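Okay, structure first, notes after.
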Amino acid sequence: MVSEPTVADAINRIYESLQADNADIDAHIATLKAALTKEGLKEAVFDPTRLVQNNRSGRKLMQAYFRQRGVTVKFSGS
């Protein structure tokens, strides 16, 4: 049996997906949501320097997209 990914694992997969033109992003968001719930966390914290679109509009778009899927996104240093 494969162990469930941690929040850190799920976030790393999302970074990889963003680099790969959002490949399987919805599946990775669902995995992140499950990991957050399992670890009792309310929000995922991303490093904005690792984002493809590291500008205000890119960050806001990411937050809105994730929020529609039930995940609150914050950025480190903000």
Side-chain angles (χ1 to χ4, degrees):
M1 183 172 131
V2 177
S3 65
E4 293 183 25
T6 64
V7 170
D9 292 337
I11 288 174
N12 282 329
R13 289 193 183 121
I14 288 171
Y15 287 133
E16 292 167 8
S17 176
L18 293 171
Q19 295 294 330
D21 201 24
N22 299 332
D24 299 323
I25 191 73
D26 290 333
H28 295 310
I29 293 170
T31 301
L32 174 60
K33 185 176 179 181
L36 286 168
T37 301
K38 183 176 166 224
E39 293 183 25
L41 300 173
K42 299 283 184 208
E43 60 192 30
V45 179
F46 287 85
D47 178 358
T49 62
R50 294 187 63 189
L51 301 178
V52 176
Q53 291 285 328
N54 183 21
N55 56 28
R56 184 177 190 283
S57 64
R59 291 189 302 271
K60 292 295 179 190
L61 182 65
M62 181 178 172
Q63 284 178 314
Y65 191 83
F66 279 59
R67 185 174 46 247
Q68 290 172 346
R69 283 145 187 84
V71 176
T72 301
V73 171
K74 298 287 184 202
F75 297 100
S76 57
S78 64

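Quick note: numbers below take in every heavy atom, side chains included, and nothing from hydrogens, waters or symmetry partners. Note that the structure is a prediction, hence the values are computed from the model and not measured.
- Listed by chain and number, the residues in a side chain to side chain donor-acceptor pair (under 3.5 Å) with R59 are N54 (sequence neighbours excluded).
- A 4.5 Å side-chain heavy-atom check between V52 and Q19 finds at least one atom pair inside the cut-off.
- Checking side-chain atoms of T37 against main-chain N and O of K33 turns up a donor-acceptor pair under 3.5 Å.
- Under the 4.5 Å side-chain criterion, counting only non-hydrogen atoms from C-beta, Y65 is in contact with D26.
- A continuous path of ILVMFWY side-chain contacts below 4.5 Å connects L41 to L32, so both sit in one hydrophobic cluster.
- Of all the heavy atoms in P5 and A35, the pair that sits closest is O-CB, 3.6 Å.
- Among R67, E43, Q63, the single residue meeting the side chain to side chain contact (heavy atoms under 4.5 Å, CB included) criterion with T72 is E43.
- Looking at S17, its side chain does come within 3.5 Å of a backbone N or O of A23 through a donor-acceptor pair.
- Within the structure, ring-ring contact (aromatic ring centres under 6.0 Å, His included) pairs that include any residue of residues 8-39 comprise Y15-F46 (at least two apart or interchain).
- Linking ILVMFWY side-chain heavy atoms closer than 4.5 Å, directly or via other members, places V73 and L61 in two distinct hydrophobic clusters.
- With rounding to the nearest 0.5 Å, the separation of CD1 in I14 from CG in D24 is 11.5 Å.
- V71 approaches A44 most closely through the heavy-atom pair CG1-CB, 4.3 Å.
- Atoms CD and CE, on Q53 and M62 in that order, are 11.5 Å from each other to the nearest 0.5 Å.
- With rounding to the nearest 0.5 angstrom, the CG atom of L51 is 6.5 Å from the CG atom of L18.
- The number of heavy-atom neighbours closer than 6.0 Å to CG of N55, taken from other residues, nucleotides and ligands shown, is above 12.
- With a 4.5 Å cut-off on side-chain heavy atoms, F66 and I29 count as touching.
- Here CZ of R50 is found 9.5 Å from CD1 of I11. Values are rounded to the nearest 0.5 Å.
- Not a single donor-acceptor pair under 3.5 Å links the side chain of N22 to the backbone N or O of I25.
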